[in-house]
Amino acid sequence: MNKEDKLSAEKLLKYLFIGATVEGISFYGPKLLLTESETNSKRLGDGQIYITIESEFAILQSKADTLPVFDDLPKRNAKDACKILCELSLMKIADVSLHDEIPHLLLTFETGEVLFICGHDNMYESWQAGFFGDSDGEYWEIVACPGDELAIWGPDDIG
């Protein structure tokens with residue numbers, strides 16, 4: 001993963017997610033829907049912040065020095081994945097980070113729990129996170145791409 005892409009993606013992810021609360025789930029994906037935070041609500045208006053999860057994930061009790069190994073992560077169908085993600089309902093995000101080499105996404109909640117989303121897949125996108133605006137059509141997105149790369153679309157003044 002390109003270091004500049006990682007830094008740009010983390011800045012945008014932190015702007016969008018720190019202080020946001022998990023407010024719902026869209027069952028296709030599945031996709032977590034998040035509220036705005038005090039720091040971004042004025043700029044974002046009535047749009048939607050989201051994370052679409054298309055790879056394995058785990059909810060960890062706390063941030064660990066070592067990350068889960070892909071082969072050790074449970075393989076869930078969409079229905080079971082949504083049931084697990086519902087445990088995050090109304091939890092507030094305290095921090096966001098990406099792994100240094102592979103775009104694993106880690107969301108740390110105020111409770112200390114961590115949502116680990118695997119960022120590696122040889123053929124498909126692992127996750128997408130971003131914001132789509134209301135009538136102005138503003139659209140920001142960070143995508144974990146095949147080959148452990150990131151694609152980033154967003155405003156220049158943040159990323």
J.: Taking all atoms of both residues into account, what is the closest heavy-atom pair of Y139 and Y50, and its distance?
T.: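 Between these two residues, the closest heavy atoms are CE1-OH, 4.0 Å.
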J.: Charged N to carboxylate O below 4.0 Å: is that the case for K75 and D80?
T.: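 Looking at K75 and D80, the cut-off is not met.
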J.: Donor-acceptor pair, K31 side chain versus I25 backbone, under 3.5 Å?
T.: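 Not a single qualifying donor-acceptor pair exists.
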J.: Given side-chain hydrogen bond (donor to acceptor under 3.5 Å, both in side chains), test S37 with K92 step by step and report yes or no.
T.: CA-CA 9 Å; S37 68; K92 190 178 231 180; over 6 Å; no
J.: When you compare the side chain of V96 with that of T108, does any pair of heavy atoms fall below 4.5 Å?
T.: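 No; the side chains remain at least 4.5 Å from each other.
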J.: Over 60° means perpendicular and under 30° means parallel, so classify the ring planes of H104 and H99, tilted if in between.
T.: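 It falls in the perpendicular class, over 60°.
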J.: Does NZ or CZ of R43 lie under 6.0 Å from the centre of the six-membered ring of F131, at an angle within 45° of the ring axis?
T.: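 Verdict for F131: no cation-pi partner in R43.
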J.: Quick one: does Q128's side chain have a donor or acceptor within less than 3.5 Å of a partner on I53's backbone?
T.: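 Judged by distance alone, no pair lies under 3.5 Å.
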J.: Using every non-hydrogen atom in the two residues, find where A129 and F17 come nearest and quote the distance to one decimal.
T.: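 Heavy atoms only, the tightest pair is CB-CZ, 3.7 Å.
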J.: Find out if a path of hydrophobic residues (ILVMFWY) with successive side-chain heavy-atom gaps under 4.5 Å connects L34 to F109.
T.: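 Yes; tracing contacts between hydrophobic side chains, which count when under 4.5 Å, links both residues.
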J.: Evaluate the criterion side-chain contact (heavy atoms from CB on, under 4.5 Å) for residue pair I51 and I117; output intermediate values, then yes/no.
T.: CA-CA 10 Å; I51 307 167; I117 304 171; 3.9 Å; yes
J.: Quick one: CD on E87 to CG on L115, what's the gap to the nearest 0.5 Å?
T.: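 It is 11.0 Å, given to the nearest 0.5 Å.
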J.: Heavy atoms only: give me the nearest D148-G119 pair and the separation to one decimal.
T.: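 So the two residues come closest at OD1-O, 3.9 Å.
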J.: Check whether any side-chain heavy atom of F27 sits under 4.5 Å from a side-chain heavy atom of K79, and report yes or no.
T.: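 A side-chain contact under 4.5 Å is absent here.
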J.: Roughly how far apart are E125 CD and D121 CG, rounded to 0.5 Å?
T.: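 So the CD of E125 and the CG of D121 are separated by 10.0 Å.
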J.: What closest approach, in Å, do P74 and R76 show between heavy atoms, and which atom pair accounts for it?
T.: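 The pair with the smallest heavy-atom distance is CG-NH2, 3.3 Å.
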J.: Determine, stepwise, if the pair E10 / Y15 fulfils side-chain hydrogen bond (donor to acceptor under 3.5 Å, both in side chains).
T.: CA-CA 8 Å; E10 279 186 328; Y15 180 81; over 6 Å; no
J.: Out of curiosity, I142 CD1 to D5 CG, how far, rounded to the nearest 0.5 Å?
T.: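 Reported to 0.5 Å precision, the distance equals 11.0 Å.
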J.: What pair of heavy atoms forms the shortest contact from P155 to L12, and how long is it?
T.: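 Minimum heavy-atom separation between P155 and L12: CD-CD1, 4.2 Å.
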J.: I49 versus F132: any side-chain heavy-atom pair under 4.5 Å?
T.: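 No, every pair of side-chain atoms sits at 4.5 Å or beyond.
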J.: Evaluate the side-chain proximity of M123 to P146: yes if any heavy-atom separation is below 4.5 Å, no if none is.
T.: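 Of all side-chain heavy-atom pairs linking M123 with P146, none is under 4.5 Å.
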J.: Would you check if L13 and L107 make a side-chain contact, meaning some heavy-atom pair closer than 4.5 Å?
T.: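 No, side chains not in contact.
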J.: Without swapping roles, check the side chain of S55 against the backbone of C118 for a donor-acceptor pair under 3.5 Å.
T.: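 Yes; judged by distance alone, with no hydrogens or angles, the pair exists.
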J.: May I ask you to test the T39-I18 pair for a side-chain heavy-atom distance under 4.5 Å?
T.: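 A side-chain contact is absent here, since even the closest heavy-atom pair is not under 4.5 Å.
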J.: Quick check on the hydrophobic clustering: are V69 and W127 connected, directly or via other members, by side-chain heavy-atom contacts under 4.5 Å?
T.: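 No; W127 is not reachable from V69 via cluster members.
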J.: Does the side chain of I59 reach to within under 4.5 Å of the side chain of V114, using non-hydrogen atoms?
T.: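 In short, these two side chains do not touch, never coming nearer than 4.5 Å.
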J.: Assign the ring pair F70 / H120 to parallel, tilted or perpendicular, where the plane angle (0 to 90°) is split at 30° and 60°.
T.: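 Perpendicular: the ring planes of F70 and H120 meet at over 60°.
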J.: When you look at CD of E149, are more than 12 heavy atoms from neighbouring residues, nucleotides or ligands closer to it than 6.0 Å?
T.: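 Enclosed: over 12 neighbouring heavy atoms sit under 6.0 Å from CD of E149.
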J.: With a 4.5 Å cut-off on side-chain heavy-atom distances among I, L, V, M, F, W and Y, is there a chain of contacts connecting L32 to M91?
T.: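 Yes, one cluster joins them.
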J.: If the threshold is 4.0 Å, N to carboxylate O, is there a salt bridge linking D100 and K3?
T.: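 Not counted as a salt bridge, because no side-chain N and carboxylate O are separated by less than 4.0 Å.
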J.: What closest approach, in Å, do T52 and G29 show between heavy atoms, and which atom pair accounts for it?
T.: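 So the two residues come closest at CG2-CA, 4.0 Å.
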J.: Verify, without hydrogens or angle tests, whether N40 (side chain) and L16 (backbone) share a donor-acceptor contact under 3.5 angstrom.
T.: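 A pair under 3.5 Å: yes.
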J.: Evaluate the side-chain proximity of K42 to E36: yes if any heavy-atom separation is below 4.5 Å, no if none is.
T.: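 Heavy-atom side-chain distance check fails, nothing below 4.5 Å.
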J.: Starting at CG of L98, measure out to NZ of K14 and round the result to the nearest 0.5 Å.
T.: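 One gets 8.5 Å once the value is rounded to the nearest 0.5 Å.
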J.: Could you tell me whether the side chain of T35 and the main chain of E23 form a donor-acceptor pair under 3.5 Å?
T.: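 Not a single qualifying donor-acceptor pair exists.
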J.: What's the separation between atom CG in L67 and atom CG in L106, rounded to the nearest 0.5 Å?
T.: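 So the CG of L67 and the CG of L106 are separated by 5.5 Å.
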J.: For the hydrophobic clusters of this structure (ILVMFWY residues joined by side-chain heavy atoms under 4.5 Å, transitively), does one cluster hold both F116 and F57?
T.: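 Different clusters.
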J.: Report whether L105 and I84 are members of the same hydrophobic cluster (ILVMFWY, side-chain heavy atoms less than 4.5 Å apart, transitive linking).
T.: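 Cluster IDs for L105 and I84 match.
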